[in-house]
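All values reported here derive from a predicted model rather than from experimental measurement. For ligands, and for the atoms within them, numbers begin at 1 and follow the listed sequence.
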Amino acid sequence: MRVLVTGGAGFIGSHTCESLLEKGHEVVCLDNLDPYYDVSIKKRNLDLLESHDRFEFVEGDVRNAELVSKLVRGVDAVNHQAAQAGVRISVENPMKPHSVNTEGTLNLLEAARENNVKHFLFSSSSSVYGGAPNLPFEENAVKIPVSPYGVSKLAAENYVRIYNELHELPTVSLRYFTVYGPRMRPDLAISIFTERALKGKEIEIFGDGKQTRDFTYINDIVRAQNECLEKGMGDGKAYNVGSGERVTVNELAEKIIEQVDSGSGLKHTDPRKGDARHTWADTSKAEEKLGWKPRYGLEEGLEKFIDWYREERL
Ligand SMILES: NC(=O)c1ccc[n+]([C@@H]2O[C@H](COP(=O)([O-])OP(=O)(O)OC[C@H]3O[C@@H](n4cnc5c(N)ncnc54)[C@H](O)[C@@H]3O)[C@@H](O)[C@H]2O)c1
């Protein structure tokens, strides 16, 4: 198959591209190398991919309708990862996540509809649930996003659903729960805590640290995407992709300190606006419909991530 992967220079998207190439697909990657975090990290991700002769990189913006329409022509599937990620930055600057995440997604849907794409996968987020009261989150839970980022993902997800309902475009959304692993974004807690622990520096925790998170290892995310592509999932629905387990942020920091054998202490500071209090995935629907179950627990995933971090980021 020929697959357009947006955001393929980023953390998750680079793993998506790598896995598709390993499975023998042709990959066109569209990414604007946005400077939200160190662009040299994205360039290194691309270096790994550019050795494959079935890989093509196009530097450009998902909001450029003409470019998107040209790239979607002739592809069988679209795997849409590009986004202005990050909950906290969206609190200060809501226009950018709105424009990239919502309008960018709409652009891709329009192009996919015009070109009769056979499979359209959208990367959604646990942030759509926000302050939903019942844990673990099941897909039909009430959605109370608590950040502009969460709102932008929920709006995009709704476009993805109605393109299926109105135009019979085979779409699916996956709601990822905090993803970690090799090549991960440097702005996320596991990355920051690991860096500090390895350097023996104090670890800052926003709020009391009793907020909980469901952390998902990257290999489980990519396997869920592959299940969707291989099964031709296109029911317009959204599925949770999480580890199905949750820990407090205090426990996370303690686990990292223990695994690294570090003397780092913890410092609690003010909670940050836009952060959900809890996230926790009920993954039974993905198990039933996609035949997918998480395979990595936090201990094993952290061990792999920390080994990688020592080699590649220190
Ligand atoms: N990492 C997580 O924990 C997590 C959790 C839930 C959902 N997600 C979603 O998964 C997807 C991938 O996230 P990630 O963590 O790999 O983030 P990332 O920032 O590493 O990757 C996103 C990529 O999109 C590119 N991009 C940004 N704006 C663009 C634009 N206008 N046009 C083209 N490319 C653009 C960036 O340059 C980057 O390479 C995103 O849609 C994100 O919202 C991530």
Side-chain angles (χ1 to χ4, degrees), residues 4-18 28-46 49 57-65 67-68 71 78-87 89-90 93 95-108 121-130 137 145 147-157 160 173-191 213-218 220-222 224-225 238-243 275-276 279 281 301 305:
L4 173 67
V5 180
T6 69
F11 162 41
I12 299 174
S14 66
H15 286 274
T16 303
C17 292
E18 194 177 33
V28 182
C29 162
L30 171 64
D31 197 301
N32 70 348
L33 303 181
D34 184 276
Y36 167 54
Y37 62 83
D38 186 355
V39 174
S40 69
I41 294 179
K42 298 181 186 186
K43 290 196 171 148
R44 276 204 295 281
N45 294 343
L46 286 176
L49 298 167
F57 173 61
V58 178
E59 185 170 345
D61 199 305
V62 290
R63 292 167 292 181
N64 178 341
L67 174 65
V68 163
L71 293 178
V78 174
N79 183 312
H80 178 30
Q81 304 288 325
Q84 173 56 59
V87 161
I89 192 179
S90 78
N93 181 4
M95 296 308 279
K96 191 173 169 200
H98 173 79
S99 118
V100 177
N101 303 356
T102 308
E103 292 172 20
T105 301
L106 195 50
N107 246 344
L108 279 151
L121 185 146
F122 172 62
S123 298
S124 189
S125 167
S126 58
S127 300
V128 301
Y129 295 110
F137 297 142
S147 65
Y149 169 77
V151 172
S152 73
K153 284 285 175 182
L154 186 56
E157 215 188 69
V160 169
S173 294
L174 296 181
R175 292 182 187 143
Y176 308 148
F177 284 65
T178 322
V179 188
Y180 70 102
R183 313 207 283 267
M184 85 180 280
R185 285 191 355 237
D187 61 318
L188 293 172
I190 290 188
S191 213
R213 290 286 174 277
D214 183 328
F215 293 104
T216 318
Y217 193 65
I218 183 68
D220 280 333
I221 298 285
V222 173
Q225 296 177 0
Y239 296 90
N240 288 340
V241 179
S243 76
D275 280 351
T279 70
F305 173 67

So, does T6 sit close enough to ligand 1 that a heavy atom of it is under 4.0 Å from the ligand? no
Would one find an N or O of L30, backbone or side chain, under 3.5 Å from an N or O of ligand 1? no
H80 and ligand 1 - part of the residue with a heavy-atom distance under 4.0 Å: neither
Examine ligand 1 and decide if any of its atoms is less than 4.0 Å from a heavy atom belonging to A9. yes
Go through ligand 1 atom by atom and flag the ones less than 4.0 Å from a non-hydrogen atom of I12. 1 (N), 10 (O), 12 (C), 13 (O), 16 (O), 44 (C)
For atom 2 (C) of ligand 1, which candidate among V241, V179, L67, D187 provides the closest heavy atom? V179
Heavy-atom contacts with D34 under 4.0 Å: which atoms of ligand 1 show up? List them by number with element. 27 (C), 37 (O)
Can a side-chain donor-acceptor contact be found between S99 and R63 if the only test is distance below 3.5 angstrom? yes
Over all heavy atoms of both residues, which pair between D31 and G8 is shortest? Give the atoms and the distance, please. OD2-N, 3.5 Å
Looking at every non-hydrogen atom in both residues, tell me the closest pair between S126 and T178 and how far apart they are. OG-N, 4.5 Å
Is S124 touching ligand 1 with its side chain, its backbone, both, or neither, if touching means heavy atoms under 4.0 Å apart? backbone
Taking all non-hydrogen atoms of both residues, which atom of Q225 and which atom of T16 are closest, and how far apart? OE1-OG1, 2.8 Å
G60 heavy atom under 4.0 Å from ligand 1: yes
For the 3.5 Å polar cut-off, considering only N or O atoms, please tell me whether L188 and ligand 1 meet it. no
Counting heavy atoms under 4.0 Å, the part of F215 that contacts ligand 1 is neither
Exam field: side chain D214 to backbone G242, donor-acceptor pair closer than 3.5 Å: no
Does the N or O separation between S125 and ligand 1 drop below 3.5 Å for any pair? no
Within-cut-off N or O pair, D61 and ligand 1, under 3.5 Å: yes
Ranked by distance from atom 32 (N) of ligand 1, the top protein heavy atom is V62 N, 3.0 Å
Short list, please: which atoms of ligand 1 are under 4.0 Å from a heavy atom of R63? 31 (N)
Under 4.0 Å from a heavy atom of T178: give me the atoms of ligand 1 that qualify, with their elements. 3 (O)
For R183 and S14, does a side-chain donor sit closer than 3.5 Å to a side-chain acceptor? yes
Classify the contact between Y180 and ligand 1 as side chain, backbone, both or neither, using a heavy-atom distance cut-off of under 4.0 Å. neither
Per-atom contacts, ligand 1 versus Q81 - under 4.0 Å to a heavy atom: 11 (C), 12 (C), 40 (C), 41 (O)
Looking at ligand 1, would F177 count as a contact under a 4.0 Å heavy-atom criterion? no
When you compare the side chain of V58 with that of V28, does any pair of heavy atoms fall below 4.5 Å? yes
Give me the ring orientation class for F122 and H80: parallel if the planes are under 30° apart, tilted from 30 to 60°, perpendicular past 60°. tilted
Heavy-atom closest contact (H15 atom, P182 atom, distance): NE2-O, 2.8 Å
Can you name the atoms of ligand 1, numbered from 1 with element, that are less than 4.0 Å from a heavy atom of F11? 15 (O), 16 (O), 20 (O)
Do we get K42 above Y36's six-membered ring, with its NZ or CZ under 6.0 Å from the centre and within 45° of the axis? no
Nearest protein heavy atom with distance in Å, relative to atom 39 (O) of ligand 1: D31 OD2, 2.6 Å
Is there a donor-acceptor pair under 3.5 Å between the side chain of S90 and the backbone N or O of Y149? yes
May I ask you to decide if V62's main-chain N or O and N32's side chain share a donor-acceptor pair within less than 3.5 Å? no
If you count the atoms of ligand 1 from 1 in the order shown, which ones are under 4.0 Å from a heavy atom of L33? 37 (O)
For a quick test of reading the model, state the closest non-hydrogen atom pair linking Q81 to G13 and the distance between them. CG-CA, 4.0 Å
Under 4.0 angstrom from ligand 1, any heavy atom of R175? no
Donor-acceptor pair, distance only, cut-off 3.5 Å: does the side chain of T216 make one with the backbone of V179? no
Start with the C-alpha distance between F215 and F177, add both sets of side-chain angles, then the distance that settles ring-ring contact (aromatic ring centres under 6.0 Å, His included), and finish with yes or no. CA-CA 6 Å; F215 293 104; F177 284 65; over 10 Å; no
Backbone or side-chain N or O of Y37 under 3.5 Å from ligand 1 N or O: yes
Does K42 approach ligand 1 within less than 4.0 angstrom via side chain, backbone, both or neither, non-hydrogen atoms only? side chain
Can you tell which of I190, I221, I218 makes a side chain to side chain contact (heavy atoms under 4.5 Å, CB included) with Y180? I190
Classify the contact between R185 and ligand 1 as side chain, backbone, both or neither, using a heavy-atom distance cut-off of under 4.0 Å. side chain
Atoms in ligand 1 with a heavy atom of K153 nearer than 4.0 Å: 40 (C), 41 (O), 42 (C), 43 (O)
